[in-house]
Structure formats: C-alpha cells, structure tokens
Amino acid sequence: MNEYDAHAIEKKWQSVWEAEQTFHVDNPAPGTAPDDEHFYMLEMLPYPSGSLHMGHVLNYTLGDVVTHFKRRNGCKVLRPMGFDSFGLPAENAAIKDGGHPLEITERNMEAIRVQMRLMGWAIDWQREVSAHEPTYYRWTQWLFLKFFEHGLAYRKAAPVNWCPNDQTVLSNEHVVDGRCWRCGFVVETRNMEQWFFKITAYADQLLDDLETIDWPERTKKIQRQHIGRSEGAEVLFRIEELDRDVAVFTTRPDTLFGATFFVVAPESPLVQALAGGDEEVLTYASIAAARPTEERATREKSGVFTGHYATNPVNGEKLPVWIADYVLMEYGTGAIMAVPAHDERDLEFAKQYDLPVRAVIDEHGRLVGSGEFDGLPWREAIPRIVTWLSGRGRAKPAINYRLRDWSFSRQRYWGCPIPIVYCPEHGAVGVPEDQLPVLLPEVEDYRPKGKPPLASNLDFINTTCPKCGGPAQREADTMDTFVDSSWYFLRYTDPHNEHAPFDRAIADFWMPIDQYIGGIDHAKGHLLYSRFFVKAMNDYDMLGVREPFARLFHQGWVKLAGKRMSKSQGGVSPNELIDRFGADAIRIYILFQGPADQDIDWTPDGIDATVRFIRRLWRVVHEAAARPPSPEGVDTPLARKAHETIARVTDDVDRRFVFNTPIAAVMELVNELSKAPDDPAARFAAETAVSVLQPWTPHVAEELWGVLGHDSRLWEAAWPVADETMLQRETIELVLQVNGKVRDRVRVPAGLPQDELVAHARASEKVRAHLNGEEGRVIVVPDKLVNIVI
RNA sequence: GCCGAAGUGGCGGAACUGGCAGACGCGCCGGACUCAAAAUCCGGUUCCCUUCGGGGAGUGUGGGUUCGAUUCCCACCUUCGGCACCA
C-alpha cells in the first residue's frame, strides 16, 4: 500500500478530466424535447477582481457535489462557468497601479481558472463566457437595442448619487451610509440624464410569479418588500389660487377628515407656482432638494409654509400648503395630505411647526368627526369614501410601488458601451444590428473627470447618424455590470452562436436553471434584474420560460474575525490550503463545518482532521481490497450499516440539501469497517464508502475505486441504491420511561404488538423500582418507547 | 422603529414528523506501540452529587400546551441580516 499522496492523485485525475473533457455536455439534437434527465446546475459567476476566496470555495464545492450527484443519478448535467469581467475594480486598479483594465482582468481570470482546476470542480469549460469579450457584449448591446425598440430602455433626467471627489455617478450599492464606498466623501444628489430599464412595468409580474418558484422565503420577502406594492387611492385636492387640482396618493382614505395640512416635495414642479417669487420658499426648496443622502437619513424634518391653501374634497376645508423634505418626489405624486393624528411622520412635522392634530378614528377603530361615515370600522370606510369621492370625480383607486426603474448608465470606462448615437436631427438612435459590437475603444486616461472617459476619445465619439448620415455623437456612458449578468446563464446554453444571443430551442431545452446557488446579497439586484430580463425576453418570443431560476439556494458567508471574506478585505488563500492539504481535504472541510446555508467562522482547526480521515479511508479501503469480494446480498451488521449510509447520504443531498451530515455518515461507516475488517461485507462497505463520498472527494474516491479493482470510472458509475429490506431493523431498543423519565432500555424484536411492549416494560426491575407498586397509565409508541405515568 | 433568521458541551455541529439530547469531528484526559518522538490504534470526555448501584439538573430567559418539548404557543433577552421618511 502506498501512502496517500493528495497532489499526485489530484493531478492525475484532473489531467484525465481535462484530456477527456469529462464534464462537457453536448446540446440536444435539433427537435429534441426537454426531458427529466437534463439538469441545469449553476452557481453565480465570479467577479475577477482578484483570486478566489473561501466563500467561492464553499459556493462552487456545493455546486460540484450536486453536479456529481445528479450526473450519477442519470442526469445530463449542464454546469458551466464564466466571468463577470467588466466593472470598477479592474478600472480602479488600473488607475492606482497602472496597466490596462483588460490585462488586469485577464490576469485575474487566468489565476481563477487555475484555482478552479486545482479544486477539481466538474465544469464544462467549453462553454466559458466573459462579459468583457466582444463576442459576448455584442449580444448585451443587441439585447439593449431590443429593449430600446420596445421602450423598455429609455433616457430621463433623474436624481442620482454623485460623488464629488470621484466625479462620477454611483450605484446605490456603492453608497454606504450616505458616503462613497471608495473615498468616503458625502454623496450628493444630482439631477442628470440617465439611461433606465423600465423594470417597473413588470412590478406586478415580478411580485406574483414569486409564487411559482422554489426560493427561500426570506429572499422572496426581500423582493416583495423591495417591489413594495401598496394599494390605496389618488385623491384630488384643489389649490384655488393656482387654479390647479393636485393629486395625492394615500393608503388611508379613511383618514381624509383628519387632514390638517398639505405637503409638497421640494423637487416638485409645483414649487415654482407655489413660491410665486417668494425668495425664502425658493431658497428652501432648492437647498432641501440638494440635501445629501446622508443628511436625509437622519430623518430630521424641515419645511416652509407657501402661503397657499388646498381644499380637502371631503369637507371643503382649506389646508395650509407646505413644502417639506420628508415628502419624496419619486414616490406617489410628490404631494401628500398630512394626517398627524394617524401618521407618525406627519405628527412629528406637526409638532415641530405647531400644526393642528385631529383624530378621526376612535379606540375601537371606528370613524369619528367624519360626517356621514361616522361609526364605520376604518377598513370598511376606505372603499366607501373612495367610491363616494370618485362619484364626484375627486378620487380613484390607485396602486403604488417602491420599486424604481433601474438606472444602468455609468460614467466609467470598463463596461459595455451603450450602442446609441445622438443626432441633432433624430435624437437618440440605436446603432444598427450589423454594426455591432460597438467596441470599447482605448482611452488615454481612465480617471473620471466629471465626464465619462469615453468622451475624451473623439475618434470614438464623432460618428454619423445611422438614419440621416449627418454628423452625430456616440453615447459615452457604459452599462452597469448587472446588465451583463442578467442574461449570461442563457448564453451558456449556446455560447458560440454568432447569429443570435442564443438559439431559442436550445435555451428552452435547458431552461429554467434547476438549481441556482449564490449569496443572498444579490436578492434585490442580480436576482431581480435577471427575472426582469427573462420576462421581457419571453414577451419578445426569445424564450419559453418566464422565470430563470426554478430553485435557489444561498450559501452562508465564510467569515474571518466576524467579517465576510472578500477580495477587498483579504482572507485565507485557498491556494495555500490546497498546497498544504490537497483539494479533497479542503472540499470536505468546507462542507463539514455545518449546514451550507449557515455562516462559517473561519478557523483552520480541524483541517488536519479531514486529511486524517482521508488517510484512514485510504488505509481501510486498501485493507478491504485485499479481502474477497462480498457475496451478493450479504447480510451482516456491517452490510446493513452500508445500506443505511447509502440511504442517509442520498436523502440528505436529494431531499434535504444538506452536505455536512453525509460526511458524518460515511465517517461512521468507515469506523465500523475498521472495527470489523474480516466481515464478509467488508469489501462492500468499502465500495459503498468510496462511492457515496465521491461527490465530495472526487480525486481520492476515483483512485480508491481503482484500488477496489474497478476498471470503470466512478464519476460515471450509477449512484448506489439502498436495499429497503436491509434498512428494516430486526430488533429495536425499546425505551422504558416512568413519568417521562428514561429508566431502562431493552432490546426486543421489531414490530411487537402494544400489549407485549407493555409487558416488557412491566417486567423491568428498574421500571418497577419507580412504580411504587402502582399500575399507572400507559403510553406506547410502537417500536420506540413505553411510558408509564403514575 | 419595522421585518426576518438564529441561540444546544470547552469548540464546529447532530437530533428531519412532539418520543433515548449531544451523532460525527475538533480539543482535552488516560492507555498501547516506540530507546524516544511523529504517525497510528484503543478507551474516556454535558454539568453536579454518589456508598460506583445509581440519583439530580440540563438545549438563551420566564411562562404555557402535552404522558412527553431542542422541536409547538406566548412574552422577554442576545446576536446577525434586510428595510428605514415609500404616505
């Protein structure tokens, strides 16, 4: 017997897999109908800003176990990999240390590919795609144009996060506590022309279709909250002096009689008319509108009275009109009726400016001071008041969403160019399809200077209008990288297609993704954007499904000293661990820590133990290999343990989706085997251990499979099936309780009738000692326990 | 503040449907092998009491339901996430 040599074994099998392209899967022949035997396994693709960290190791090892498990259960498994290779970190690294974002990105990608191969992950590398390659972003641009044609991509002026130091717009994710995540400067709100995707058009579908997918409930909740549908009414208030009706949105029309003032957002177009040249009002509005995000988060309210009054349609009362910063222009109509008695924010403002408070709902939840509606429970009053007002043309039912359209233009370099040309005559014109891709040009300086880096390359910017041929200018903004990752899973199905982003029949064969694995931090971003993209593509007949990810799982964070491991915060190097312990040991170790959806506090304690376990397995299997083959259907306690192990591992992966307890189950089997080396089932037990552990430790399992005399490949061997009859116990340990306390245990044949179980209980000396001669009441759980209560 | 998840030995965790709490592993203790060490193997390891037979307590805290609760219900505490002027 040789010593276990992780590196030699891992290198050996990795070369075989690479040479044989073991994990490549072909697309179906044209006309093949989707079947149950195909399985699309996907983990979120990495962002190549450095090398992989332990969080990735957990994520991809999880996916790898599922991949092997499904393959061996007869599925044709698609398990591709790619790179989310556009984005700020590469650009920032280029600015900081010199070099080109492309070189930095590709260097990182190569380092990651090496790591992935060293980990032995079963990936179909022939389908690799990268967001920054023209063959990929050509189709990102094509999709953008498709959306643009349908009005789903559009331009508008909107308030955006602006970092005055970095001179760029920031996405919401890059604003942390009102400050720029990179330089720490307080972020301002600026009104700028931006590109948007009209994701709000799909708000209801994005909400309703959550019912159709198998996702963690907490993730659905985050999305529901983010979409934030709320039902209510739009009510018209009249401002007589301006001769205007102003609509407000409210979810509580039942409180209309309690309105005591009226508030308009500082950014509202009404402000000019309301101010009527009043300097104080205008000054307040402009300052309040430009308030930094950080300050808004303090929730301190301010406002100014405009001198105007709005008429409450329910009772004709004149309400003073204020402009205040706690009313948001982006939500509802940008104006509210204020009911301080029944709204916390209005109350806070009313107290601050000494405005009246009038309660219109009593302690029983019934309306008071509300004219003909007095006495109604407030829930019933809502539709009554809306109906009454709409009869007079002053209200209508309305629905509002918190969800905003997705702002995706970025004033930075390393991203997908937006294929748009601005013509003085024709406005924003899409670049014709046959001119795609619009290649990302070279620039002299990536530094943001208040305008996008692409704007400085005049050869790029100056072009002609596709419609009239006149002089025109290209769009200089690039796309948010979340656009790239909103459809990559479709490109994997048909990665080399030169005529379309993907072939619909092929995509329909593989889609939806049967199992998606990634961090919950993408709940409101990537996971929502991708759902939106798929719905739109389905509407344009490009795709048969309406949801991309049928089943979703979030792995936990791997934390170091309480902090999430990430590239920016450093962490543990997987390479060093592979070097010291081997990939199989790392794979077992990271999954043995606990349930995969729970966070792991990183500690290297115990990695030695996984190596020890593999060595033990190595030794025990070699010993068993020297034994004669186990007879078919051999029935010994060890054989039964092996069948039990098969059943446990299968159930854990297939039904429970847990990956730590199967390792414990195999450890138990190996322990039993090492205690009974001469058992006729020894060889069967060894084969079982190696076979079911294979998804966790594919290299050493393959090697040991050979040691056990197999010429076949374990990675393509059928998953073992437990013999049901071997799982039945012949005897059980009957627990005997008195008053719920365990007093004795006896081994009895399984399946005894209740009265015999009770007889066993009454026969026990230890039970009798606690009965004090009483009969007691008896509770029997067949094949488990007898409890006598006195 | 609102919403959600989680609290089990010295540590990571197990106990899936209300039925033996602590599987498996780490660590620690003791032993075997060895001139010695490493490696390996064997045994022990929730806490308290014990006349060594056993007895008592115990799954964040306090209550409840039940013959029986880590598991179900109520309240609270702690930790970690999400949202945070969304009318």
Side-chain angles (χ1 to χ4, degrees), chain A residues 3 216-226 228-230 232 248-252 255 263 265 296-301 324-328 330-339 342-346 348-349 400-404 520-521 523-524 556-557 559 562 564 588-589 592-595 597-601 603-610 612-613 615-616 619 648 651-652 655-656 658 660-671 674-675 733-745 766 769 776-790:
Chain A
E3 282 293 299
E217 204 45 49
R218 58 185 173 140
T219 313
K220 291 187 180 184
K221 274 215 167 96
I222 291 173
Q223 292 209 344
R224 281 193 197 105
Q225 185 181 250
H226 188 68
R229 180 187 155 105
S230 70
V248 303
F249 175 73
T250 176
T251 54
R252 296 295 304 276
T255 63
V263 192
R296 283 215 164 185
T298 61
R299 305 173 70 97
E300 267 168 41
K301 297 176 176 55
D325 55 0
Y326 80 98
V327 172
L328 307 174
E330 313 94 84
Y331 187 77
T333 63
I336 62 154
M337 63 165 192
V339 186
H342 305 293
D343 184 288
E344 223 176 280
R345 298 150 301 175
D346 294 342
E348 206 182 300
F349 192 79
N400 258 283
Y401 303 89
R402 302 168 76 121
L403 183 69
R404 305 284 146 78
I520 193 171
D521 50 331
K524 295 180 307 173
W557 302 116
K559 294 176 168 177
R564 270 163 55 179
I588 290 200
Y589 180 70
F592 190 56
Q593 293 305 294
D597 56 354
Q598 252 172 54
D599 292 354
I600 295 170
D601 276 309
T603 146
D605 301 344
I607 302 187
D608 289 324
T610 57
R612 207 144 62 214
F613 167 65
R615 280 206 208 109
R616 185 177 161 86
R619 206 168 44 240
R648 278 173 65 185
D651 187 56
D652 279 355
R655 182 180 62 85
R656 300 180 63 204
V658 294
N660 54 330
T661 46
I663 300 168
V666 175
M667 284 174 170
E668 282 183 45
L669 177 60
V670 171
N671 287 346
S674 71
K675 280 176 196 159
E733 193 170 51
L734 185 69
V735 173
L736 306 178
Q737 296 182 331
V738 176
N739 286 339
K741 284 187 204 290
V742 179
R743 295 303 178 186
D744 201 2
R745 301 182 172 95
K766 288 172 183 168
R777 193 152 70 81
V778 182
I779 285 118
V780 180
V781 181
D783 279 351
K784 284 226 171 99
L785 67 78
V786 176
N787 184 14
I788 301 176
V789 185
I790 56 171

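This one's a predicted model, so the numbers in the text were calculated from it and none came from an experiment. The chains referred to below are lettered A, B, ... by the order of the sequence lines, with proteins before strands, and numbering in each begins at 1.
No hydrogens or angles were tested; on distance alone, nothing pairs the side chain of Arg218(A) with the base of rC3(B) as donor and acceptor under 3.5 Å. Under 3.5 Å, the side chain of Arg745(A) and the base of rC20(B) form at least one donor-acceptor pair of N or O atoms. Judged by distance alone, with hydrogens and angles left aside, Lys301(A) brings a side-chain donor or acceptor within reach of the base of rC85(B), the pair sitting under 3.5 Å.
Summarising the local packing, CD of Glu217(A) is surrounded by more than 12 heavy atoms from other residues, nucleotides or ligands at distances under 6.0 Å.
Closest contact between the side chain of Arg612(A) and the listed nucleotides rA14(B), rG27(B), rA87(B) involves rG27(B). In the set rA87(B), rC16(B), rC67(B), rC16(B) carries the atom at the smallest distance from any side-chain atom of Asp652(A). Listed nucleotides rG4(B), rA23(B), rG54(B) differ in distance to Glu668(A); the shortest reach to its side chain belongs to rA23(B). Comparing rC24(B), rC41(B), rA14(B) by their closest approach to the side chain of Ala664(A) singles out rC24(B). Considering only the side chain of Arg656(A), rC16(B) comes nearest among rG19(B), rC16(B), rG13(B). Here rC24(B) is the nucleotide among rC24(B), rA57(B), rA87(B) with the atom lying nearest to any side-chain atom of Phe592(A). Side-chain proximity of Gln598(A) to the nucleotides rA87(B), rC26(B), rG13(B) is greatest for rG13(B). When the nucleotides rG19(B), rA21(B), rU40(B) are ranked by their closest atom to the side chain of Asn787(A), rG19(B) comes out on top. The side chain of Pro595(A) lies closest to rG13(B) when the candidates are rA39(B), rG13(B), rA87(B). Residue Ala609(A) places its side chain closer to rC26(B) than to any other of rA57(B), rC85(B), rC26(B).
With a cut-off of 3.5 Å on both Watson-Crick or G-U wobble distances, the partner of rC76(B) is given as rG60(B). Across all strands shown, rU40(B) forms a Watson-Crick or G-U wobble pair with rA32(B), both key distances being under 3.5 Å. Pairing of rA14(B), defined by two Watson-Crick or G-U wobble distances under 3.5 Å, is not identified with any nucleotide. In this structure, rC2(B) and rG82(B) make a Watson-Crick or G-U wobble pair, each of the two defining distances being under 3.5 angstrom.
The backbone N or O of Val339(A) sits less than 3.5 Å from a side-chain atom of Asp346(A), completing a donor-acceptor pair.
Nearer the 5' end of RNA chain B, as judged by each residue's closest nucleotide, is the contact made by Asp651(A), out of Asp651(A) and Lys524(A). For the pair Asp599(A) and Thr251(A), nearest-nucleotide mapping onto RNA chain B gives the more 5' position to Asp599(A).
The separation of rC77(B) from rU61(B), taken at their P atoms, amounts to 15 Å, rounded to a whole angstrom. Distance check on atom C1': rA15(B) versus rU46(B) gives 16 Å, rounded to whole Å. Rounded to whole Å, the P atom of rA69(B) lies 14 Å from the corresponding atom of rG60(B).
By the rule that a glycosidic angle within 90° of 0 means syn, rG9(B) counts as syn. rG53(B) takes the syn form, because its glycosidic angle lies no more than 90° either side of 0.
The two atoms that bring Ala523(A) and Ile222(A) nearest to each other are CB-CG2, 3.8 Å, heavy atoms only.
Atom-to-atom, CZ of Arg743(A) to C1' of rG68(B) comes out at 14 Å; the value is rounded to the nearest Å. For the pair Asn400(A) CG and rA87(B) P, the interatomic distance rounds to 8 Å; values are reported in whole Å.
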- How far apart are the C-alpha atoms of His226(A) and Leu403(A), what are their side-chain angles, what is the distance that settles it, and do they pass the side chain to side chain contact (heavy atoms under 4.5 Å, CB included) test? CA-CA 6 Å; His226(A) 188 68; Leu403(A) 183 69; 3.7 Å; yes
- From CA spacing to verdict: side chain to side chain contact (heavy atoms under 4.5 Å, CB included), Ile336(A), Tyr326(A): CA-CA 10 Å; Ile336(A) 62 154; Tyr326(A) 80 98; 3.8 Å; yes
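For Lys301(A) and Phe349(A), the positive end is not near the middle of the six-membered ring at less than 6.0 Å and at most 45° from its axis.
Tyr589(A) OH to Thr603(A) OG1: the interatomic distance, rounded to the nearest 0.5 Å, is 4.5 Å.
Contacts of Ser230(A) with the nucleic acid, taken as non-hydrogen atoms under 4.0 Å apart, involve only primed sugar atoms and P, OP1 or OP2.
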